[in-house]
A.B. asks: 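Here it is, the structure, as structure tokens.
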Amino acid sequence: MKIHEYQAKELFRKHGVAVPEGGVAFSVDEARAVADKLGRFPVVVKAQIHAGGRGKGGGVKVAKDAGEFDAYANQILGMTLVTKQTGPEGKRVKKLLIEEGLNIAKELYLSILPDRSTAKMVIMASEAGGMDIEEVAEKTPEKIIKVFVDPLLGLMPYHLRSAAFGLNIPAEAMKSFTTLLKNLYHMAVNYDCSMVEINPLVLTAENTVIALDAKVDFDDNALYRHKDVVEYRDLDEEDPTEVEASRYQLNYIHLGGGGNVGNMVNGAGLAMATMDCIKFAGGKPVNFLDVGGGASAEQIENGFRILQGDPNVKAILINIFGGILRCDRLANGVVQAARKVGMRVPVIIRMEGTNLEEGRKILADSGLSLINATDLKDAARKLTEVIQ
């Protein structure tokens with residue numbers, strides 16, 4: 001789950017991670033009130049959306065006086081902000097973060113995330129702050145330092161020193177940096193964060209270290225432990241179809257990019273293979289939909305309805321390996337869904353596994369024009385025929 005920058009900074013404050021003074025605003029008048037409370041210029045106006053690259057898209061401005069501030073606040077609030085992470089459709093800005101300007105001496109990059117290859121937490125940092133870390137990794141990988149922390153042993157003083165020396169933190173700012181990093185690490189672990197990123201982390205002329213930006217992602221599977229974090233969820237920033245699918249415990253991701261084939265699969269690996277088959281057949285997958293091993297007829301029905309509701313879907317491929325999810329249960333769910341929702345597009349079903357014959361009989365006796373495929377190759381061939 002993603003949250004906004006202003007929400008991430010609320011968590012930072014609670015955990016002793018230094019951030020600029022400021023506040024969130026949902027209107028220009030509220031933004032002006034926050035700026036007045038700060039009492040001095042420059043003031044930074046920042047668009048709040050779930051995407052990076054806001055500055056390059058015109059969503060971050062530094063106002064030197066009240067006139068500039070009003071102009072920037074009116075310009076950014078309500079704009080459709082397009083960045084590399086939003087896609088060409090962009091996202092509408094509905095809230096602003098207003099913050100004090102800082103006397104910046106140096107910009108750094110800092111993040112903490114789990115590293116699956118080592119089963120450790122990794123502190124990733126770079127002196128090339130303020131830049132896209134992907135670009136730094138590609139062109140100048142030597143500028144990125146990594147400090148690995150065994151989660152069973154926890155953060156040690158030498159981890160803090162390794163990161164500080166790697167970033168060439170001056171002696172005067174050493175205490176400020178190590179305090180921030182220690183508190184940030186504990187927050188990341190305690191909240192089951194899948195990523196905590198500060199870009200840039202700034203060293204000020206006064207030798208303090210402050211999180212100028214904040215990006216925090218949480219592991220969805222651990223949200224039941226963090227009710228306060230769940231309250232931060234902003235449904236306006238999420239794909240409406242994904243929000244609806246989550247209500248039925250369906251693992252759905254809308255892929256975008258002009259897809260034309262919807263797919264329903266049980267198991268993430270099988271879903272990836274199915275999307276490859278769709279591409280080989282000349283189609284393009286609209287979505288990733290894993291109904292899981294123990295899906296009920298109701299979940300299958302809702303998944304089917306969500307796929308049919310997408311106007312870009314020209315055909316649906318259902319590919320199920322019947323293990324825990326038996327083929328007869330799948331067939332009942334599909335028939336039930338097709339009768340309730342109707343069949344707007346051709347539906348191809350490939351099943352294999354437990355109660356296969358019972359499942360095929362249910363489909364055959366339904367009276368519906370469902371297309372049965374004997375195997376995945378046959379499903380791809382029939383998919384090619386219906387989308388051409």
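Just so we're clear, the structure is a prediction, and the values are computed from it rather than from any experiment.
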A.B. asks: For the backbone of E134 and the side chain of E138, can you confirm whether one donor and one acceptor N or O come within less than 3.5 Å of each other?
C.D. replies: no

A.B. asks: What heavy-atom pair brings V189 and M121 nearest, and what distance separates the two atoms?
C.D. replies: CG2-CE, 4.3 Å

A.B. asks: With no hydrogens and no angle check, is any side-chain donor or acceptor of T80 less than 3.5 Å from a backbone partner on G90?
C.D. replies: no

A.B. asks: Please identify each residue that fulfils ring pair (Phe, Tyr, Trp, His ring centres under 6.0 Å) with H50, with sequence neighbours left out.
C.D. replies: H4

A.B. asks: I need the K120 NZ to L152 CG distance, nearest 0.5 Å.
C.D. replies: 10.0 Å

A.B. asks: Just checking, any donor-acceptor pair under 3.5 angstrom between side chains of E206 and T204?
C.D. replies: yes

A.B. asks: Which atoms form the tightest heavy-atom contact between G342 and F304, and what is the distance?
C.D. replies: O-CE2, 3.8 Å

A.B. asks: So how far is it from F177 CZ to L184 CG, rounded to the nearest 0.5 Å?
C.D. replies: 9.5 Å

A.B. asks: Indicate the atoms forming the closest heavy-atom contact of P151 with A119, along with that distance.
C.D. replies: CD-O, 3.7 Å

A.B. asks: Could you check if a side-chain atom of Q75 sits within less than 4.5 angstrom of a side-chain atom of K61, using non-hydrogen atoms only?
C.D. replies: yes

A.B. asks: Determine whether a donor-acceptor pair (N or O, by modelled atom type, separation under 3.5 Å) exists between the side chain of S246 and the backbone of V243.
C.D. replies: yes

A.B. asks: For E197 and V216, indicate whether the former's side chain and the latter's backbone hold a donor-acceptor pair under 3.5 Å.
C.D. replies: no

A.B. asks: Sub-3.5 Å donor-acceptor pair from the side chain of E242 to the main-chain atoms of H254, do we have one?
C.D. replies: yes

A.B. asks: Do Q7 and Y232 pass the side-chain contact (heavy atoms from CB on, under 4.5 Å) test, and can you show the C-alpha distance, the side-chain angles, and the key distance before you say yes or no?
C.D. replies: CA-CA 7 Å; Q7 295 168 326; Y232 282 145; 3.6 Å; yes

A.B. asks: Checking the side chain of S126 only, and the main-chain atoms of A128 only, is there a donor and an acceptor separated by less than 3.5 Å?
C.D. replies: yes

A.B. asks: With a 4.5 Å heavy-atom cut-off, do R233 and E238 have their side chains touching?
C.D. replies: yes

A.B. asks: Distance from I349 atom CD1 to I318 atom CD1, nearest 0.5 Å?
C.D. replies: 4.5 Å

A.B. asks: Are side-chain heavy atoms of I98 and F69 found at a separation under 4.5 Å?
C.D. replies: yes

A.B. asks: Does either side chain, that of N332 or that of R329, offer a donor lying less than 3.5 Å from an acceptor on the other one?
C.D. replies: no

A.B. asks: Between V334 and I300, is any pair of side-chain heavy atoms under 4.5 Å apart?
C.D. replies: yes

A.B. asks: Quick one: do E385 and R381 satisfy salt bridge (charged side-chain N to carboxylate O under 4.0 Å, His left out)? Show the steps, please.
C.D. replies: CA-CA 7 Å; E385 293 173 358; R381 180 180 61 80; 3.0 Å; yes

A.B. asks: What closest approach, in Å, do I278 and K284 show between heavy atoms, and which atom pair accounts for it?
C.D. replies: CG2-N, 3.8 Å

A.B. asks: Does K146, at its NZ atom, have more than 12 non-hydrogen atoms belonging to other residues, nucleotides or ligands within less than 6.0 Å?
C.D. replies: no

A.B. asks: Which donor-acceptor pairs under 3.5 Å do side chains of residues 31-39 form with protein atoms, sequence neighbours excluded?
C.D. replies:
residue : atom : partner : partner atom : Å
R32     : NE   : D70     : OD1          : 3.1
R32     : NH1  : D29     : OD1          : 2.9

A.B. asks: So, the side chain of E107 versus the backbone of P200: is there a donor-acceptor pair under 3.5 Å, distance only?
C.D. replies: no

A.B. asks: Which atoms form the tightest heavy-atom contact between A47 and I76, and what is the distance?
C.D. replies: CB-CG2, 3.6 Å

A.B. asks: Decide yes or no on side-chain contact (heavy atoms from CB on, under 4.5 Å) for N263 and N287, but give the supporting numbers first.
C.D. replies: CA-CA 7 Å; N263 63 92; N287 66 282; 3.8 Å; yes

A.B. asks: Exactly one of D220, D219, D192 should register a salt bridge (Lys or Arg N to Asp or Glu O under 4.0 Å) with R225. Which one does?
C.D. replies: D192

A.B. asks: Do you reckon V347 sits in the same ILVMFWY cluster as L317, going by side-chain contacts under 4.5 Å, direct or chained?
C.D. replies: no

A.B. asks: Under 4.0 Å between a Lys/Arg side-chain N and an Asp/Glu carboxylate O for K361 and E357?
C.D. replies: no

A.B. asks: Let me see the working for E10 and K14 under salt bridge (charged side-chain N to carboxylate O under 4.0 Å, His left out), right down to the final yes or no.
C.D. replies: CA-CA 6 Å; E10 286 178 10; K14 290 178 183 177; 5.6 Å; no

A.B. asks: Start with the C-alpha distance between E5 and K9, add both sets of side-chain angles, then the distance that settles salt bridge (charged side-chain N to carboxylate O under 4.0 Å, His left out), and finish with yes or no.
C.D. replies: CA-CA 6 Å; E5 177 189 356; K9 286 180 174 175; 2.7 Å; yes

A.B. asks: Would you say L363 ends up clustered with I371 if hydrophobic residues are merged whenever their side chains have heavy atoms under 4.5 Å apart, either directly or through other cluster members?
C.D. replies: no

A.B. asks: Quick one: hydrophobic cluster around V24, which other residues, with the 4.5 Å side-chain cut-off, linked directly or via members?
C.D. replies: Y6, F26, L97

A.B. asks: Would you confirm whether R350, through its side chain, and A379, through its main-chain N or O, come within 3.5 Å as a donor-acceptor pair?
C.D. replies: no

A.B. asks: Could you check M275 against L255 for side-chain contact (heavy atoms from CB on, under 4.5 Å), going step by step and ending with a plain yes or no?
C.D. replies: CA-CA 11 Å; M275 289 191 285; L255 300 178; 3.7 Å; yes

A.B. asks: Taking side chain as C-beta onward, heavy atoms only, is Y72 less than 4.5 Å from V62?
C.D. replies: no

A.B. asks: So how far is it from L113 CG to I123 CD1, rounded to the nearest 0.5 Å?
C.D. replies: 10.5 Å

A.B. asks: Rounded to the nearest 0.5 Å, how far does OG1 of T118 lie from CZ of R116?
C.D. replies: 12.0 Å

A.B. asks: Using the rule that two of Ile, Leu, Val, Met, Phe, Trp, Tyr join whenever any of their side-chain heavy atoms come within less than 4.5 Å, decide whether V149 and M195 are in one cluster.
C.D. replies: no

A.B. asks: Do side-chain atoms of H15 reach the backbone of F12 as a donor and acceptor pair under 3.5 angstrom?
C.D. replies: no

A.B. asks: Any donor-acceptor pair under 3.5 Å linking the side-chain atoms of E244 with those of Y252?
C.D. replies: no

A.B. asks: Check whether any side-chain heavy atom of N302 sits under 4.5 Å from a side-chain heavy atom of E298, and report yes or no.
C.D. replies: yes

A.B. asks: Quick check: does any side chain N or O of S27 sit under 3.5 Å from a backbone N or O of E30, one acting as donor and the other as acceptor?
C.D. replies: yes

A.B. asks: Are side-chain heavy atoms of V265 and D290 found at a separation under 4.5 Å?
C.D. replies: no

A.B. asks: With no hydrogens and no angle check, do the side chains of E127 and Y109 hold a donor and an acceptor under 3.5 Å apart?
C.D. replies: no

A.B. asks: Quickly, which of I210, L180, V17, L181 forms a side chain to side chain contact (heavy atoms under 4.5 Å, CB included) with L201? Name it, please.
C.D. replies: L180

A.B. asks: Using side-chain contact (heavy atoms from CB on, under 4.5 Å), reason through I144 and I133 one step at a time and then give a plain yes or no.
C.D. replies: CA-CA 9 Å; I144 297 177; I133 196 65; 4.0 Å; yes

A.B. asks: In this structure, which one of K94, K95, K91 forms a salt bridge (Lys or Arg N to Asp or Glu O under 4.0 Å) with D236?
C.D. replies: K94

A.B. asks: What are the two closest heavy atoms between Q48 and V93, and how far apart are they?
C.D. replies: N-CG1, 4.2 Å

A.B. asks: Does K2, at its NZ atom, have more than 12 non-hydrogen atoms belonging to other residues, nucleotides or ligands within less than 6.0 Å?
C.D. replies: no

A.B. asks: Start with the C-alpha distance between E358 and R326, add both sets of side-chain angles, then the distance that settles salt bridge (charged side-chain N to carboxylate O under 4.0 Å, His left out), and finish with yes or no.
C.D. replies: CA-CA 10 Å; E358 291 90 332; R326 306 189 315 265; over 6 Å; no

A.B. asks: Do V313 and Q308 come within less than 4.5 Å of each other through their side chains, counting heavy atoms only?
C.D. replies: no

A.B. asks: Return the CG to CG distance between N319 and L383, rounded to the nearest 0.5 Å.
C.D. replies: 11.0 Å

